[in-house]
Amino acid sequence: MVRVPFRAAADRVRHRLTQLVGPKSRGHSSARTRSRTPAGTGTAAPGDLTGTARRPYLRALGMLAVVVLGAWLGLLAVGSIRTPVGPMDTNMTLRPSLTGGSKINVSPLGALELDSHSAPLRLDVDVDRLDPERSQALVDRPERFSSLQDEVTRDVAAGTRELAVRSCVAVVSGAAALGLVVYRRPRRALAAGGLALTLLAASGVSAYATWNPKSVLEPKFSGLLSSAPSLVGDARSIVTEFDIYQQELARLVTNVTKLYDATSTLPVYQPDPGTIRVLHVSDIHLNPAAWHIIASLVEQYEIDVIVDSGDTMDHGSAAENGFLDPVRDLGAPYVWVRGNHDSPVTQAYLKKFKNVSVLDDGSAVNVGGLRIAGTGDVSFTPDRTAPVGGRAAAQLEGARLASALRDQERAGTPVDIAVAHDPNTARETDGTVPLVLSGHLHRRINEQLKLGTRLKVEGSTGGGGLRAVQNEKPEKVRASVLYMDRSTRRLQAWDEITLGGLGLTTAEVSRHLPEENLKKDAPVSPTPSPSSSPSATRSTARPTPSP
């Protein structure tokens with residue numbers, strides 16, 4: 001009975017002492033308690049410095065991760081500039097890279113990669129478009145070409161300086177912002193920004209120390225440029241000075257400008273973003289460069305569907321099938337009909353590809369917002385012999401295709417585009433479809449048929465294939481971009497792309513409007529063109545089949 005009042009009094013005294021000692025003593029007590037915590041519970045035991053030693057390293061690694069990630073995000077967000085370089089508008093960007101170097105993208109021709117420096121930064125230069133006013137000024141005053149190189153050099157230097165300033169702001173802002181989010185302390189955020197600026201400066205010093213102006217002597221080409229390295233001009237006189245390197249880079253840009261040769265503007269029609277864009281190719285004839293050209297055009301023109309009107313192969317043998325594998329990676333659905341150099345073996349191989357629609361015997365498919373029907377060539381002539389049945393057989397096959405098109409119309413599923421390899425087959429569809437595409441002749445024909453169907457014959461997208469080397473002059477590479485109205489699914493305009501053949505580096509693009517569209521009163525809205533002048537194509541030439 002005596003112990004109970006005594007214990008209560010002791011508890012009251014202990015409580016008073018605790019209040020007098022305050023939080024500081026409790027903090028020391030907690031620290032002493034933590035110091036007695038055994039190893040394995042997350043803190044160090046007395047005399048054990050392992051846990052304490054690890055924390056600075058972890059903190060440093062964490063700070064480094066925040067700095068690198070924040071700087072990278074900053075470069076992605078605001079680390080690029082748009083700057084004019086001569087008559088062209090370009091985008092200059094610094095990107096994190098393990099190998100460094102520079103990359104110049106010249107759409108739709110391809111890209112050049114230069115081993116210009118070794119640093120964790122890569123310089124990307126994207127040539128977006130030709131400015132119509134500056135291009136026209138060059139055309140009106142050709143003497144300006146002599147000073148274009150100096151102008152481009154000044155533009156590149158000014159753009160590089162602006163990019164350097166923008167990149168500094170980008171990495172500091174990105175690292176500081178992420179540091180503030182992670183640590184929630186302004187001092188830590190400023191430290192992250194300062195460290196990011198230090199790393200960028202160190203990268204710049206590394207790039208300067210390893211700068212290799214001779215890298216332009218051995219550029220790596222991709223896309224169409226892979227077959228046209230002569231675009232860089234004679235770069236053998238380059239020496240180690242940076243200003244000489246700038247002049248050679250300026251000369252490259254100048255030569256590409258001349259390659260585009262923007263001597264005119266495109267007419268009235270300007271494609272709407274909602275327009276369905278069809279790339280028509282034909283007669284590739286085993287030319288591997290054609291796949292690079294097609295992929296570049298798909299990206300540049302934002303193609304919705306590719307239509308190949310046949311003769312992709314030369315002999316149609318199973319050994320050639322591997323040539324077709326790049327079709328999987330072209331970036332757009334692929335519609336194909338058999339040509340007279342393609343075999344049933346070729347057709348069966350293409351049917352296995354998920355992105356390929358093989359049309360034959362009037363079959364139809366809905367792809368890219370359009371309904372397309374077609375038939376394969378009735379002949380197979382891998383050795384360039386005359387086709388059995390000739391023109392009569394092709395016309396009979398065309399009559400069967402026309403019958404299939406009328407059946408589609410009666411079923412309530414009208415066809416927008418018909419495809420046949422031989423123009424003689426395509427002509428028989430007149431009056432059953434608005435537009436019919438073919439190839440076979442290795443030259444372009446555009447003709448409004450008697451009953452209203454428009455016939456478009458494409459040239460050889462493979463430049464005649466390897467057989468073209470037998471000719472006195474290289475055969476040109478041809479393809480067309482068709483702009484189809486999404487609501488009416490009718491042809492509004494088309495661009496004809498013509499590239500120089502083997503050993504040539506010319507490029508030409510011309511826009512054409514159907515005659516009926518030219519009759520409409522529409523305001524002229526010129527846009528830049530790689531070349532050629534506006535025209536409405538009229539052709540009444542009758543095609544004759546060739547093997």
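In this chain, residues are counted from 1 in sequence order. Quick note: numbers below take in every heavy atom, side chains included, and nothing from hydrogens, waters or symmetry partners.
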Between [X] (side chain only) and [Y] (backbone N and O only), is there a donor and an acceptor less than 3.5 Å apart?
| X | Y | value |
| --- | --- | --- |
| D283 | H442 | no |
| D342 | D311 | yes |
| T90 | T83 | yes |

Would you please test H285 and M313 for side chain to side chain contact (heavy atoms under 4.5 Å, CB included) and show each step?
-> CA-CA 5 Å; H285 286 293; M313 312 297 253; over 6 Å; no

My understanding is that only residues two or more places apart in sequence, or in another chain, count here; which of them pass side-chain contact (heavy atoms from CB on, under 4.5 Å) with [X]?
| X | value |
| --- | --- |
| D124 | T93, R95, K103, R122 |
| R490 | P434, T488, Q492 |
| N366 | R371 |
| L195 | M63, V67 |

Which heavy-atom pair separates [X] from [Y] by the least distance, and what is that distance?
| X | Y | value |
| --- | --- | --- |
| N91 | R82 | OD1-CG, 2.9 Å |
| N355 | V327 | ND2-O, 3.0 Å |
| E320 | L286 | OE2-CD1, 3.0 Å |
| A175 | A196 | CB-CB, 3.5 Å |
| L324 | Y349 | CD1-CD2, 3.8 Å |
| W494 | L513 | CZ3-C, 4.1 Å |

Who pairs with [X] by side-chain hydrogen bond (donor to acceptor under 3.5 Å, both in side chains), at least two apart in sequence or on another chain?
| X | result |
| --- | --- |
| T312 | D308, W336 |
| R489 | D416 |
| S282 | S309 |
| S480 | E458 |

Got a list of side-chain donor-acceptor pairs under 3.5 Å for residues 166-173, not counting sequence neighbours?
residue: R166; atom: NH1; partner: V78; partner atom: O; Å: 3.3
residue: R166; atom: NH1; partner: S80; partner atom: O; Å: 3.1
residue: S167; atom: OG; partner: L163; partner atom: O; Å: 2.8
residue: S173; atom: OG; partner: V169; partner atom: O; Å: 2.7

Any [X] side-chain heavy atom under 4.5 Å of [Y] side chain:
| X | Y | result |
| --- | --- | --- |
| L370 | M484 | yes |
| R454 | L491 | yes |
| E475 | S460 | yes |
| L178 | L69 | yes |
| I372 | V307 | yes |
| V358 | F353 | no |
| Y334 | V281 | yes |
| D304 | V278 | no |

Let me confirm one number: the [atom1]-[atom2] distance from [X] to [Y], rounded to the nearest 0.5 Å.
| X | Y | atom1 | atom2 | value |
| --- | --- | --- | --- | --- |
| I294 | E299 | CD1 | CD | 14.5 Å |
| L359 | Q347 | CG | CD | 9.0 Å |
| N446 | K456 | CG | NZ | 4.5 Å |
| L279 | I303 | CG | CD1 | 5.0 Å |
| L330 | H292 | CG | NE2 | 10.5 Å |
| I497 | S296 | CD1 | OG | 10.0 Å |

Just jot down the ring-ring contact (aromatic ring centres under 6.0 Å, His included) partners of W72, sequence neighbours excluded, or say none.
->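 With sequence neighbours excluded, W72 shows a ring-ring contact (aromatic ring centres under 6.0 Å, His included) to no residue whatsoever.
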
Distance-only donor-acceptor check, side chains H341 and H421, under 3.5 Å |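 Side-chain D/A pair, H341 to H421: absent.
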
Should we count CZ of R185 as having more than 12 external heavy atoms under 6.0 Å?
->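 Counting other residues, nucleotides and ligands, CZ of R185 stays at 12 neighbours or fewer.
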
Tell me, please, which residues at least two apart from R328 pass salt bridge (Lys or Arg N to Asp or Glu O under 4.0 Å).
->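 If we apply the salt bridge (Lys or Arg N to Asp or Glu O under 4.0 Å) test to R328, skipping adjacent residues, the hits are D325.
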
Intermediate values then yes/no, side chain to side chain contact (heavy atoms under 4.5 Å, CB included), T275 and D485 | CA-CA 5 Å; T275 302; D485 186 90; over 6 Å; no

Show me the donor-acceptor pairs, under 3.5 Å and distance only, between side chains in residues 198-208 and residues at least two apart or in other chains.
residue: T198; atom: OG1; partner: G194; partner atom: O; Å: 2.9
residue: S203; atom: OG; partner: L199; partner atom: O; Å: 3.0
residue: S206; atom: OG; partner: S118; partner atom: O; Å: 3.0

Please lay out, stage by stage, how W291 and I293 fare under the test side chain to side chain contact (heavy atoms under 4.5 Å, CB included).
-> CA-CA 5 Å; W291 300 131; I293 296 169; over 6 Å; no

